[in-house]
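Chain letters run A, B, ... following the sequence lines, proteins first and then strands; every chain starts at 1.
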There are 2 protein chains.
Amino acid sequence: MPNRRPRPERAYEPKEIDGLDRRILAELQVDARLSLAELGRRVNLSAPAVADRIQRLEETGVITGYHAAVDPSTVGFPVTVLVRINPAVRELPRIAKLAEETPEIVECYRITGDDCLYFIAHLRAVEHLEPILDRFAPYGRTTTSLVHAATVPRRPLPLGAPDRPDRPDRPEAE
Amino acid sequence: MPNRRPRPERAYEPKEIDGLDRRILAELQVDARLSLAELGRRVNLSAPAVADRIQRLEETGVITGYHAAVDPSTVGFPVTVLVRINPAVRELPRIAKLAEETPEIVECYRITGDDCLYFIAHLRAVEHLEPILDRFAPYGRTTTSLVHAATVPRRPLPLGAPDRPDRPDRPEAE
DNA sequence: AGTGAAAAACTTCCACT
DNA sequence: AGTGGAAGTTTTTCACT
């Protein structure tokens with residue numbers, strides 16, 4: 001037998017995710033507030049079994065959280081911008097820190113290409129854009145786009161239709 | 001009295017969102033699975049009162065859903081791309097439709113600027129990028145970036161700290 | 001708009017398979 | 001890994017403020 005060291009620590013165990021897990025994930029991506037009982041009914045499993053699986057999915061880093069989606073325009077942030085940044089040499093860490101410290105910025109990613117960073121920010125008014133851009137200006141060149149309508153609103157990963165049973169159905173109680 | 005027609009239909013009523021609502025929203029953005037009972041404890045309100053407010057927030061379009069966040073890399077989508085598109089004249093609707101029909105695309109927005117559309121897609125392999133780009137090629141010029149680490153992972157809107165009481169606390173039971 | 005109390009539903013724990 | 005049953009919570013409804 002080959003000398004197998006214990007598996008290196010990693011964020012999530014490489015345990016197989018089966019069709020049942022995928023169906024549970026598909027359901028929870030659409031409605032995170034589904035009860036374990038209801039989930040169990042949908043995937044044909046008892047509530048404790050669903051609870052077990054969900055716990056495992058959480059512990060292995062597959063599910064990273066449960067979040068209410070709030071429409072920014074309804075809570076005073078009618079303006080959304082996407083800003084790309086072409087950083088001056090060696091200034092990327094400073095830019096990342098600035099982004100982190102700016103509460104209006106709700107996500108920020110490193111990307112490949114000339115502009116190697118971009119963020120999304122929600123603003124109370126277009127006028128609030130300038131001061132934000134000004135803070136970044138010393139460290140890079142910014143390109144700003146106003147975000148209009150969502151052509152495809154955020155939607156779940158294509159995990160396969162949540163309707164293919166992995167085991168035969170149990171007989172229905174009527 | 002001026003002739004007031006019934007209020008035009010809109011996605012959400014312009015009812016005031018007070019500090020209590022903001023605190024509830026702040027909590028639910030962080031953990032959508034909090035129980036009404038626990039929320040009530042945190043904002044110092046009874047469970048039925050919290051349920052009422054949440055229902056109103058849902059009905060008025062402030063809360064648009066509750067979603068489990070799934071780490072794409074743990075479910076077989078290790079590659080994330082951001083694609084900007086500069087559409088050929090009059091082809092934007094076709095591009096939007098293509099985006100809608102491509103399950104790997106999890107969001108797509110219209111933006112200002114030369115490239116007036118962008119989308120985010122999660123892929124099972126870089127090789128899957130080409131066929132997708134090829135579908136868009138006839139209708140516009142695409143610019144693709146690979147998305148690396150999240151500098152700022154998606155986080156809640158800055159709705160104000162969820163710890164400022166709007167009413168005096170009730171006496172604690174001990 | 002919010003409360004407390006009762007009924008229904010849900011989550012959790014556990015012994016068993 | 002999953003089940004069914006018991007115990008503890010939570011959600012929901014409702015009369016009252």
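Between A:Tyr118 and B:Tyr118, the distance from one ring center to the other does not fall under 6.0 angstrom. In this structure, the ring of A:Tyr66 has its center no less than 6.0 angstrom from the ring center of B:Tyr66.
Proximity note for B:Leu20 (side chain, C-beta onward) versus C:dG2, C:dC10, D:dT10: the nearest is C:dG2. Among the nucleotides D:dT12, C:dT11, D:dG2, the one closest to the side chain of B:Ala47 is D:dT12. Distances were taken from every side-chain heavy atom of A:Leu36 (C-beta onward) to each of C:dT11, C:dT3, D:dT3; the shortest belongs to C:dT11. Picking from C:dT11, D:dG2, D:dT11 the nucleotide with the shortest atom distance to the side chain of A:Leu45 gives D:dG2. Here the nucleotide nearest the side chain of B:Ser46, chosen from D:dG2, C:dT3, D:dT11, is C:dT3.
In this structure, A:Arg33 atom CZ and C:dA9 atom P are separated by 18 Å, rounded to whole Å. Here the P atom of nucleotide D:dA1 and the CG atom of A:Asp18 are 9 Å apart, to the nearest Å. Here D:dT11 presents its P atom at 16 Å from CD of A:Glu38, a figure rounded to the nearest Å. The distance from atom CD1 of A:Ile54 to atom P of C:dC10 is 14 Å, rounded to the nearest whole Å. Here D:dT13 presents its C1' atom at 11 Å from CG of B:Asp52, a figure rounded to the nearest Å. What separates CG of B:Leu34 from C1' of D:dT9 is a distance of 15 Å, to the nearest Å.
Side chain of B:Asp115 to main chain of B:Leu117: no donor-acceptor pair is present (N/O by atom type, distance under 3.5 Å, no hydrogens or angles). Of the possible polar contacts, one joining the A:Arg33 side chain to the B:Leu34 backbone as a donor-acceptor pair under 3.5 Å is found.
Across all their heavy atoms, B:Leu36 and B:Ala51 have their closest contact at CD1-CB, 3.6 Å. Residues A:Glu16 and A:Asp21 approach most closely at O-OD2, 4.1 Å, considering heavy atoms.
Contact annotation: A:Arg53 reaches the phosphate of D:dG2 (side-chain N/O to OP1 or OP2, under 4.0 Å). When the side-chain nitrogen and oxygen atoms of A:Arg41 are compared with OP1 and OP2 of C:dC10, one or more of them lie within a distance under 4.0 Å.
Between the side chains of A:Thr102 and A:Arg135, a donor-acceptor pair is found at a separation under 3.5 Å.
Over its full length, the helix from C:dA1-D:dT17 to C:dT17-D:dA1 turns its helical axis through 30°, comparing axes from the five pairs at each end and rounding to 10°.
DNA chain D is contacted by both A:Ala49 and B:Ala51; A:Ala49 maps to the nucleotide lying nearer its 5′ end (nearest heavy atom per residue).
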